[in-house]
Q: 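Pasting a structure here, questions to come.
Computed over heavy atoms, backbone and side chain alike; hydrogens, waters and symmetry mates excluded.
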Amino acid sequence: MAEKKDYLEPELYTNRELSWILFNKRVLSEARDKQIPLFERLKFLSITASNLDEFFMVRVASLKDMVNAKYIKKDIAGLTAAQQLEQLNVVTHDLVSQQYSTYNRSLLPLLKANGLTVVEQHENLNEEQAAYVDAYFDDNVYPVLTPMAVDSSRPFPLIRNKSLNIGALLSKRKEKGELEFATVQVPSVLSRIVPIPAEKAGEKAVILLEEVIERNISRLFLNYDVVCSHPFRIMRNADLTIDEDEAEDLLKEIEKQLKKRQWGQAIRLEVEAGVDKRLLRMIKDELSIEEEDIYRIDGPLDLTFLMKMYGMEGFAHLKEEKYVPQPVPEFMEEGSVFEKLREGDILLHHPFQTFEPVVQFIREAAKDPDVLAIKQTLYRVSGNSPIIAALAQAAENGKQVSVLVELKARFDEENNIVWAKKLEKAGCHVIYGLVGLKTHSKITLVVRREEDGIRRYVHLGTGNYNDATAKLYTDIGMMTCSEAIGEDATAVFNMLSGYSEPLSWNKLSLAPLWLKDKFLYLIAREIKNAKAGEQGHIIAKMNSLCDRDIIAALYEASAAGVKIELIVRGICCLKVGIPDVSENISVRSIVGTFLEHSRIFYFENGGNSEVYCSSADWMPRNLERRVEIMFPVEDPRLKEKVMHILEVQLRDTVKAHLLQPDGSYEKVDRRGKETFNSQEAFCMEAIEAAKAQEEPHDGRVFIPEKHVEME
């Protein structure tokens with residue numbers, strides 16, 4: 001058997017960014033799957049586009065920053081930032097090519113065959129459609145547009161991050177001078193999908209807004225001839241850099257940095273295939289874009305418009321039936337949340353079960369005269385959050401309310417600043433996280449005065465306190481009034497608000513100080529048991545796996561004979577099938593209707609198995625740079641439920657992709673196996689459990705608006 005130090009060799013690891021591209025290809029494979037209803041395929045293709053945007057704004061931007069700073073340290077796979085960018089350049093261009101091949105060759109013809117024609121070019125409009133489009137331009141579009149010319153008195157305008165624009169070259173009529181550049185932003189306040197008269201009765205037709213503008217662009221530049229016009233779009237570096245030690249007021253500093261996102265370095269340029277070379281040269285030079293960062297697109301730029309197309313009426317037969325999250329049996333009878341928790345711990349499985357008990361827990365606490373304090377961490381919340389409203393009401397009712405609002409939650413910073421101000425106004429004590437750390441843990445503590453003294457009620461979860469995404473993401477929640485967990489919860493909030501660390505913990509494990517060591521200890525225990533002749537077994541479900549110390553420990557465990565089954569939705573830097581290293585490790589990724597988001601960890605422990613849930617993935621950022629919580633599931637009933645979740649996912653033969661020794665992913669070979677979709681199974685189980693409580697139910701499979709993200 002290899003020595004432990006051998007498990008750190010770069011060839012044993014996959015680069016994080018390249019692994020993420022493979023994940024987005026798995027999402028793309030859903031858009032290419034002919035077994036999936038057509039409009040669901042549109043949605044998956046849209047998701048690949050929004051994913052790729054965020055990947056460029058954050059991950060590619062970060063690599064470019066490293067190159068600019070002459071940072072030459074290698075990643076776990078032995079690649080420098082420059083080498084990573086070089087490889088990413090190849091695979092991202094290939095991914096974009098696959099996106100548009102899927103759109104042009106598969107989805108567009110199918111839409112037309114099903115009664116929805118997308119007129120790709122305004123030149124293809126018939127006479128009636130052209131007249132309609134021109135009238136629509138006059139009445140709705142023209143008043144909103146702001147054409148921007150560039151000359152000696154007008155500098156090149158700011159091209160906003162992710163905005164869609166039309167660039168044009170102009171020449172003054174009756175003058176033979178230099179060509180002039182002009183641009184107009186396609187307004188995001190108008191729908192990008194413009195319905196137009198269809199050629200056949202009973203069918204529908206649409207054209208994209210940029211085509212409407214392009215058709216009428218000469219109206220914007222009177223006294224000029226429009227030599228050419230083409231849409232273009234840029235991506236900017238949107239990774240915030242905040243010196244928290246120097247920031248006197250973190251809230252103000254983040255507000256200031258958010259404005260800079262629109263001005264960040266341009267890192268990707270998308271242009272229409274066949275763009276005029278002179279126009280492209282001007283844009284490229286003005287934005288200082290390298291040739292390898294230009295993407296010539298064979299189709300409409302920014303495929304996220306397909307998510308809006310999904311919402312078009314009249315195509316219900318091309319979508320999945322809607323699933324309604326089911327009631328939680330324990331909460332279906334009358335009685336307070338506190339009474340039910342005194343009877344025993346309760347497990348919640350979202351989105352198959354409703355998130356409503358969590359909202360109700362905080363609402364009830366806000367109104368209950370015996371509740372003295374409510375403490376909660378908030379990372380991402382919905383746009384009209386009932387939880388925020390309940391916390392504000394609790395403070396107005398005179399309760400002690402402490403809320404940690406993580407201002408650094410990427411792309412939710414602005415939203416969270418609004419909530420933080422609202423909570424402060426209501427009288428809540430608001431904490432803006434810890435310096436240098438993101439608080440990603442999901443915990444709520446309610447302190448209540450009862451006949452036998454003070455009792456603490458706690459909710460712990462793997463997902464955010466977001467009632468909207470709780471319908472889209474698979475997550476686990478546990479509600480308890482365990483004295484040991486209540487003590488730990490108090491210690492967590494004391495640590496967050498006052499920097500005091502407890503001498504020891506009863507049940508909870510926290511990052512960044514203790515959690516990684518706990519995981520390494522649990523893996524080492526399986527190794528020890530396997531070497532002693534006992535069966536070693538680990539099952540771990542998470543979003544991403546890229547922590548080298550954890551992977552090295554898993555390799556050592558595999559080499560010792562421990563059976564390791566990993567369910568990793570996204571990034572996985574571990575390799576399978578390496579002789580004497582990872583032969584006992586399997587990795588599966590499930591990409592389905594809902595975003596797999598729960599983190600669950602099972603350790604055999606010599607027959608005395610232990611099950612944990614956590615807010616943390618096995619990533620350096622989660623284990624070393626964030627406040628995260630892992631909690632044990634010890635009640636035998638609840639433990640059995642969590643084990644069942646893992647077992648069902650390991651049975652999936654429909655949405656599971658298996659990692660191969662060559663680093664690729666393949667769908668499960670179904671020959672001789674049952675056709676089994678784990679997410680559909682959970683939907684049916686939740687319906688049956690609710691039916692057993694004699695509550696009405698409806699629906700089957702709910703398809704989310706946006707469900708495969710990077711966070």
Q: Quick one: salt bridge (charged side-chain N to carboxylate O under 4.0 Å, His left out) pairs with a partner in residues 480-492, sequence neighbours left out?
A: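 Sorted pair list comes back empty.
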Q: Taking the basic N atoms (NZ, or NE/NH1/NH2) and the acidic carboxylate oxygens, is any pair closer than 4.0 Å for Glu356 and Arg363?
A: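 Arg363 and Glu356: salt-bridged.
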Q: Output yes when Lys162 and Asp53 qualify as a salt bridge under the 4.0 Å nitrogen-oxygen rule, no when they do not.
A: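 Between Asp53 and Lys162 there is no salt bridge, as every charged N stays at least 4.0 Å from the carboxylate O atoms.
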Q: Does the pair Glu330/Lys641 count as a salt bridge with the N-to-O cut at 4.0 Å?
A: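 Judged by the 4.0 Å cut-off on N to carboxylate O distance, Glu330 and Lys641 do form a salt bridge.
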Q: Please identify each residue that fulfils salt bridge (charged side-chain N to carboxylate O under 4.0 Å, His left out) with Arg525, with sequence neighbours left out.
A: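 Counting only residues at least two positions away or on another chain, Arg525 forms a salt bridge (charged side-chain N to carboxylate O under 4.0 Å, His left out) with Glu610.
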Q: If you draw the axis of the six-membered ring of Tyr310, does the NZ or CZ of Lys319 fall within 45° of it and under 6.0 Å from the ring centre?
A: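 Yes - Lys319 lies over the ring of Tyr310, closer than 6.0 Å to its centre and within 45° of its axis.
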Q: Before we go on, tell me: are the rings of Tyr473 and His350 under 6.0 Å apart, centre to centre?
A: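 When the ring centroids of Tyr473 and His350 are compared, they turn out to be at least 6.0 Å apart.
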Q: Do Arg380 and Tyr465 meet the cation-pi criteria used here (NZ or CZ under 6.0 Å from the six-membered ring centre, within 45° of the axis)?
A: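 No, Arg380 and Tyr465 do not form such a contact.
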Q: Mind running side-chain hydrogen bond (donor to acceptor under 3.5 Å, both in side chains) on Ser441 and Glu628 for me, showing each step along the way?
A: CA-CA 4 Å; Ser441 53; Glu628 306 274 12; over 6 Å; no
Q: Are the charged groups of Glu688 and Lys691 less than 4.0 angstrom apart, N to O?
A: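 Salt bridge: yes.
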Q: How would you list, by chain and number, every residue that makes a salt bridge (charged side-chain N to carboxylate O under 4.0 Å, His left out) with Lys518, sequence neighbours excluded?
A: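 Lys518: no salt bridge (charged side-chain N to carboxylate O under 4.0 Å, His left out) contacts found.
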Q: Evaluate side-chain contact (heavy atoms from CB on, under 4.5 Å) for His537 paired with Ser609, printing each intermediate quantity in order.
A: CA-CA 9 Å; His537 191 189; Ser609 64; over 6 Å; no
Q: For the side-chain hydrogen bond (donor to acceptor under 3.5 Å, both in side chains) test, which of Thr474, Asp475, Asn464, Asp617 pairs with His597?
A: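 So, applying the side-chain hydrogen bond (donor to acceptor under 3.5 Å, both in side chains) to His597 and each of Thr474, Asp475, Asn464, Asp617, only Asp475 qualifies.
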Q: Going from OG on Ser509 to NZ on Lys516, what distance comes out if it is rounded to the nearest 0.5 angstrom?
A: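 Ser509 OG to Lys516 NZ: 15.0 Å, rounded to 0.5 Å.
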